[in-house]
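Encoded as structure tokens, the structure appears first; notes follow it.
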Amino acid sequence: MWLFDKDLWIEIFHTLSKNMFRTFLTMLGVIFAMIILVLLLGSANGMSNGFNKLFAGTASNSLFVWGQSTSEPYKGFERGRRIQYKLEDADILKKQIPEIEVLAPRIELASHRGTVTVYRNGQTSGSAVYGDYPEIDDITKKKLVEGRFLNQTDIEHSKKVCVIGEETYKLLFEKGEKAIGEEIRINGVYFTVVGIYKPNNNINIDGENAVFIPFSTFQIAFNSGDRMGWMAIAVEDNTPVKFVESQIKSILKAKYDIHPDDERAIGSFDMSEIFNSITAFTTVLKGFSFFVGIFTLLAGVIAISNILLITVKERTQEIGVRRALGATPVIVKRQIVVEAIVLTAFAGLVGFSISVGILSLLDAMFGSGDDFPFVKPMISIPQFIISFVLMVGLSVLIGLLPANRAVKIKPIDALREE
């Protein structure tokens, strides 16, 4: 096979090494182009990974629904009527909407009792106090520093236990003091601390200065009855959250005699909109990075073509002799194209190595931080393969220009060239 012809590679190496400085300058454009391409793609991937880390632990297909005041009169009810959900609403929604994967009823103490006092040994924290089911941890994951989160046994036995945030711990306990097993007082009711958490990411829905107690315990301790503040809902994969949201609102509007066109009575927040927006942003960013990188690479490859045109001019006599000795146009053209591929591929690999080193340095500097969304800024194997194939393909196309120029040289004219 001609590709493994030893003489071919000796000729290519000899040709490229005759003027090393010019060869280096020729490759420089492709080296910088590959560095720019890989840095852009790697940075886009790093930002995408950073956002994934930022949202880790928060269900991307989650939805939050709460009651507000009506804005339309309906069935004898005046506008401005406050909608208060009941615990039975959660069971109704789960039975009627099979696409709901997790539904966690929630209630906050401050929402119906005014000021909350969380107290211990003369210290107060002013924490938000939530009555929750263990399922809430499936929607907004808490990273436990110590102890455990609420479980089903706490619900079934209405245990007076609580999980507190790191900020709450700092306000109620001395540094290094043991908190697990100790008691805190919430509006005069004592609870035993069983866990300390910190948010799993920067999407801090509940904050670090919060206290979680079992929903059933909340009902008894603070006489909330069957009231429910709001619902945290996770929707099955491949099911649009908007579809489930519209079903929920239809069911609740019918149950609470809310006007079908009343858009204010039921409040909701679709977490998937944030995820979809970020996904769209990172996709566009990757596409733009690839677009800019490829055109930069094209400029570098064109520079190689221009240099090869000059080389062909300088090698007129050599090409003429080869043609006179029987070298066919295909053989002459093949050597020029292979030279273009060798220059481009080698320069591309050098640029790739340099850019990977830069990305590794950036990852070491910023990848471990919690605030900056930049994690593992490396290009994927498919991205590298596509980039490399495109680079080689461009070099073949660009190499054909000097190659065609070379085969047009007539042997008799070449031999006369001074």
Side-chain angles (χ1 to χ4, degrees), residues 53-60 62 64 87 90 94 100-110 116-121 123-222 224 228-234 271 370:
K53 177 184 176 182
L54 199 64
F55 283 92
T58 301
S60 61
S62 57
F64 301 88
L87 198 56
K94 283 191 286 187
I100 291 178
E101 192 173 71
V102 178
L103 195 156
R106 309 194 71 189
I107 190 167
E108 184 178 358
L109 183 58
V116 179
T117 302
V118 180
Y119 176 89
R120 179 183 180 273
N121 291 350
Q123 303 292 325
T124 58
S125 65
S127 309
V129 178
Y130 300 102
D132 271 305
Y133 283 85
E135 287 81 3
I136 190 62
D137 203 41
D138 296 330
I139 300 173
T140 56
K141 190 73 176 176
K142 302 294 185 294
K143 186 183 293 184
L144 288 172
V145 178
E146 191 177 354
R148 65 173 178 85
F149 196 66
L150 305 177
N151 58 37
Q152 194 58 37
T153 302
D154 297 331
I155 298 292
E156 291 172 357
H157 298 282
S158 301
K159 289 187 175 182
K160 290 184 178 180
V161 295
C162 66
V163 178
I164 63 175
E166 274 192 322
E167 185 65 26
T168 309
Y169 168 80
K170 292 175 184 177
L171 293 169
L172 296 179
F173 294 84
E174 297 296 329
K175 186 176 181 180
E177 186 179 2
K178 178 185 175 183
I180 304 300
E182 297 297 317
E183 290 186 333
I184 63 173
R185 198 170 70 198
I186 304 174
N187 279 15
V189 181
Y190 285 91
F191 291 86
T192 302
V193 177
V194 294
I196 303 172
Y197 80 92
K198 65 179 179 180
N200 198 43
N201 49 49
N202 288 343
I203 309 304
N204 200 341
I205 295 174
D206 300 310
E208 292 183 62
N209 188 12
V211 179
F212 298 89
I213 65 176
F215 195 99
S216 57
T217 310
F218 189 104
Q219 290 176 295
I220 297 170
F222 305 115
S224 63
M228 175 175 58
W230 71 100
M231 294 168 278
I233 301 164
M271 184 66 78
D370 293 328

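The model shown is predicted, which means the values in this text are computed figures rather than measured ones.
- Checking side-chain atoms of Asn151 against main-chain N and O of Pro134 turns up no donor-acceptor pair under 3.5 Å.
- Applying the salt bridge (charged side-chain N to carboxylate O under 4.0 Å, His left out) rule to Glu183 yields no partners; only residues at least two apart in sequence or on another chain are considered.
- Between the Tyr169 side chain and the Glu177 main chain, a donor and an acceptor come within less than 3.5 Å of each other.
- The shortest heavy-atom contact between Pro214 and Val161 is CD-O, 3.2 Å.
- The CD1 atom of Ile139 sits 6.5 Å away from the OG atom of Ser62 when rounded to the nearest 0.5 Å.
- Side chains of Ile213 and Phe222 form a contact here, defined as non-hydrogen atoms less than 4.5 Å apart.
- For the atom pair CD1 (Ile136) and CG (Leu103), the distance works out to 9.5 Å, reported to the nearest 0.5 Å.
- From Asp154, atom CG reaches atom CZ of Phe215 across 15.0 Å, with rounding to the nearest 0.5 Å.
- Atom CD of Glu135 sits about 10.5 Å away from atom CG of Leu150, to the nearest 0.5 Å.
- Annotation: side chain of Arg106 is in contact with side chain of Asp132 (closest heavy-atom distance under 4.5 Å).
- Phe191 is linked by a ring pair (Phe, Tyr, Trp, His ring centres under 6.0 Å) to nothing, counting only residues two or more places apart in sequence or in another chain.
- When side chains are defined from C-beta on, Phe173 counts as touching Ile164, because their heavy atoms get closer than 4.5 Å.
- With a 4.5 Å cut-off on side-chain heavy atoms, Cys162 and Ile184 count as touching.
- The closest side-chain heavy-atom distance from Leu87 to Gln219 is below 4.5 Å.
- Using a 4.5 Å heavy-atom threshold, the side chains of Phe64 and Met271 count as touching.
- Between the side chain of Thr168 and the main chain of Ala210, a donor-acceptor pair closer than 3.5 Å is present.
- Between Lys142 and Val163 the shortest side-chain heavy-atom distance does not fall below 4.5 Å.
- In this structure, Thr217 contributes its side chain and Lys159 its backbone to a donor-acceptor pair below 3.5 Å.
- Although no hydrogens or angles enter the test, the distance criterion places no donor-acceptor pair under 3.5 Å between the side chain of Lys143 and the main chain of Lys141.
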